[in-house]
Amino acid sequence: MIENTGKLNALKAPGLLRFFCWALILMISLYAFFVFFQNQFYYIDSDTFYYLSIADSLEQNGQFLDLTMSPPQGLATPQNGIVVIYYLIGLFVSSPGMKIQIVVILNYLALLLSIYPLLKITRILKIESFPAQMSILAVYLCGWHMIRFQLSPINDGLFRTGFLWLIYWILQVTINDRNLKQLWKESKGVLVCGCVLSILLIHFRLNAMVIPVAGLLAALLTKNKNVAWIMLVIGILMAVSIVLPYTFAPLSRIQGISQNSWHHIFQNFFLHVRTFLSEFSRAVFSDLGTNGNMLTLVFMLAVAIGCYQGYRKKEYAPLFISLVCIGSFTFLLSFTATPYRMFLPIFILLYLLMFNISFLRSIGYLFAFVVVWQSLMFFCSGDKVMPQVAFWEHVSRVVKTEPSDYLLITNRPHQAYYFTGMSGTDRRAYTWLDIQEKEKIYIAGDESLIKKHKEKIETLAHQNHVTVNYLCLTPDYSDSSGRAVFCVIVEDNQ
């Protein structure tokens, strides 16, 4: 009897342990979602307001224009999938704040939805160990420094989920080694889903093109012609999907930004690479300092080993995932600035490669613990909304703006548009003629920006024999950066 009871307890223990691990991970993830909402972190990324303004333009006049700038400007990037999401939500919801919150909820649901392909990929890589799977899941769902961007109401969250699903779809297709004709006959729905996902994904981030390119290269290296043709079709669909719509849209702003980016990269290449590596370190952990950041070399080692072993053993999955990481690194190096959120899609792929290599797995457990621990420490710190968000919220309450012919000089036109309804003027482009023609002139920003533009306006005023005075519209607000809003009053000396 005692022996049978012992056996029964032994069988129940793993089940209880699994339940406890799942419950703990999901609780931390849900709490991260609560912290994000409670502290209004969805206001931090200024790109949110840029995308919202384009959705407003699409609704108002059927054009893709950036309304945060005065006069309205063309698109700054072809990555506008989230704009369509905002536009569709706007058909049913009018409140800008509600639109943002709905996208945050969609991003969190997308995160939960991506658990399925993540666990399937671990099994395809033959990572069967329960502790290893739970560690990967904990990193994916509980790493605040990445969850914060997963939830942010811009392109990144939905792209990360779609990125993972497309990788799983490709790996699943390669298991059965079917060509396009067989796939169409036997699994027409699966093929259509993969094609539709590819067509849509490229509009959230251009990084999506890395997937079919890596898949094609991996297929050629493993001599898998069937997969190679499928990857070629996926790549063509992505290219047509992103090129076709923009043949009918003005691209001058995008081209100008791209040219400046390439010029900056070539002029400061080594500094650019150094900054790139620094941001990658922040993506792996919330900054551990110079020495701690050297730990990220382990991920580079995992990618290199995954690539070598996949090629030597002709194993498609590890080779493909390694090439996706390498391709993503190469692609991101072409950006002038690579904030660490850009590494969001491949963050979990690096851990998959690490746990796939037996002698690196113990390091993987340590890294997973560090990521979760850093998240818990952040939750305990009680950090609040960033100062510039608090400032613009204050401006929206105390500064009464009237529909008039105004000039708003600021380095935060996105926030200004969302919180006050005013479009900003390029802070380098205005002239004295612009000041003369406007009914109201405002300067909004931190102390250094205000000082700089006061000096410029006073110089222009002196040259034109007039006097300027300033009225502070936010006298009750103060912070360490000296943020304020001033109204410029022009007085004719004559």
Side-chain angles (χ1 to χ4, degrees), residues 114 116-118 120-127 159-184 186-243 302-332 334 343-353 356:
S114 61
Y116 179 82
L118 175 60
K120 286 293 186 179
I121 293 172
T122 62
R123 295 189 179 105
I124 292 173
L125 290 172
K126 299 177 182 178
I127 305 174
F159 174 73
R160 183 199 200 190
T161 295
F163 193 86
L164 201 59
W165 270 100
L166 185 57
I167 287 175
Y168 166 63
W169 181 87
I170 291 171
L171 293 177
Q172 193 63 38
V173 167
T174 61
I175 290 175
N176 300 317
D177 192 23
R178 292 173 290 182
N179 58 36
L180 279 169
K181 187 176 180 179
Q182 292 172 324
L183 197 58
W184 177 255
E186 300 172 10
S187 304
K188 188 177 299 183
V190 172
L191 179 60
V192 170
C193 286
C195 292
V196 171
L197 179 58
S198 302
I199 291 170
L200 296 177
L201 194 61
I202 190 69
H203 291 282
F204 287 85
R205 282 223 165 273
L206 298 179
N207 312 39
M209 187 57 74
V210 168
I211 296 178
V213 172
L216 176 60
L217 183 57
L220 293 176
L221 291 174
T222 55
K223 299 181 180 179
N224 192 327
K225 293 183 180 179
N226 291 337
V227 176
W229 280 109
I230 293 173
M231 292 302 99
L232 186 60
V233 169
I234 293 297
I236 292 173
L237 287 174
M238 280 190 177
V240 172
S241 178
I242 195 65
V243 169
V303 171
I305 293 174
C307 196
Y308 171 73
Q309 289 185 346
Y311 172 72
R312 186 172 62 85
K313 298 179 180 179
K314 295 297 183 285
E315 294 180 349
Y316 185 85
L319 177 59
F320 169 53
I321 293 176
S322 298
L323 290 175
V324 168
C325 292
I326 293 172
S328 297
F329 290 142
T330 305
F331 184 87
L332 293 176
S334 66
F343 295 98
L344 180 64
I346 62 171
F347 174 66
I348 197 62
L349 300 184
L350 297 170
Y351 277 90
L352 285 169
L353 290 172
N356 190 48

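Values below: all heavy atoms of this structure, side chains included; hydrogens, waters and symmetry mates excluded.
- Checked against side chain to side chain contact (heavy atoms under 4.5 Å, CB included), Leu217 has the following partners two or more places apart in sequence or in another chain: Leu221, Leu323.
- Phe343 contributes atom CZ, which lies 5.5 Å from atom CG of Leu332 (distance to the nearest 0.5 angstrom).
- If you run side chain to side chain contact (heavy atoms under 4.5 Å, CB included) between Phe163 and each of Leu344, Leu349, Ile348, only Leu349 comes through.
- You'll find the side chain of Leu191 reaches within 4.5 Å of the side chain of Leu180, heavy atoms only.
- Among residues two or more places apart in sequence or in another chain, the side-chain hydrogen bond (donor to acceptor under 3.5 Å, both in side chains) test is passed with Ser241 by His203.
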Please list every donor-acceptor pair under 3.5 Å in which a side-chain atom of residues 227-237 meets a protein atom from a residue at least two apart or in another chain.
none

Where do Met238 and Ile199 land on the side-chain contact (heavy atoms from CB on, under 4.5 Å) test, with the steps shown first? CA-CA 5 Å; Met238 280 190 177; Ile199 291 170; over 6 Å; no
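- In this structure, the side-chain hydrogen bond (donor to acceptor under 3.5 Å, both in side chains) partners of Ser114, at least two apart in sequence or on a different chain, are Tyr140.
- At least one side-chain heavy atom of Asn207 sits less than 4.5 Å from a side-chain heavy atom of Phe159.
- Scanning for side-chain hydrogen bond (donor to acceptor under 3.5 Å, both in side chains) contacts around Asn226 gives Asp177, with sequence neighbours left out.
- In terms of heavy atoms, Leu197 sits closest to Gly162 at CD2-O, 3.9 Å.
- In this structure, CG in Leu125 is found 7.0 Å from CG in Leu171, a value given to the nearest 0.5 Å.
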Decide side-chain contact (heavy atoms from CB on, under 4.5 Å) for Ile211 and Phe320; before the verdict, give the C-alpha distance in whole Å, the side-chain angles of both, and the deciding distance to 0.1 Å. CA-CA 9 Å; Ile211 296 178; Phe320 169 53; 3.9 Å; yes
Output, in order, the C-alpha distance, side-chain angles, deciding distance and verdict of side-chain contact (heavy atoms from CB on, under 4.5 Å) for Leu200 and Val196. CA-CA 6 Å; Leu200 296 177; Val196 171; 3.9 Å; yes
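- Annotation: side chain to side chain donor-acceptor pair (under 3.5 Å) contacts involving residues 160-173, sequence neighbours excluded, comprise Gln150-Arg160, Tyr168-Gln172.
- Rounding to the nearest 0.5 Å gives a distance of 11.0 Å between CD1 of Ile167 and CD1 of Ile124.
- Looking at Ser187, its side chain never comes within 3.5 Å of a backbone N or O of Leu183 through a donor-acceptor pair.
- Of the inter-residue distances, the one linking Cys307 atom SG with Leu319 atom CG reads 5.5 Å to the nearest 0.5 angstrom.
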Pairs under 3.5 angstrom only: tabulate donor-acceptor contacts from the side chains of residues 308-318 to other protein residues two or more places apart or in another chain.
| from | atom 1 | to | atom 2 | distance (Å) |
| --- | --- | --- | --- | --- |
| Lys314 | NZ | Tyr311 | O | 3.1 |
| Tyr316 | OH | Gly215 | O | 3.0 |

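- Rounded to the nearest 0.5 Å, atoms OH (Tyr351) and CD1 (Ile127) are 13.5 Å apart.
- Applying the salt bridge (Lys or Arg N to Asp or Glu O under 4.0 Å) test to residues at least two apart or on different chains, none of the pairs has a partner in residues 213-224.
- Every side chain to side chain contact (heavy atoms under 4.5 Å, CB included) that Ala302 has, sequence neighbours left out, goes to Leu353, Met354, Ile357, Leu360.
- Here side chain to side chain donor-acceptor pair (under 3.5 Å) pairs that include residues 191-201, with residues two or more places apart or in two chains, number zero.
- A search for salt bridge (Lys or Arg N to Asp or Glu O under 4.0 Å) contacts involving Arg205 returns Asp156, not counting sequence neighbours.
- In this structure the side chain of Phe331 reaches within 4.5 angstrom of the side chain of Leu206, judged on heavy atoms.
- Ile346 is listed as a side-chain neighbour of Phe329, based on a closest heavy-atom distance under 4.5 Å.
- Legend: residues meeting side-chain hydrogen bond (donor to acceptor under 3.5 Å, both in side chains) with Gln182, ordered by chain and number and at least two apart, are absent.
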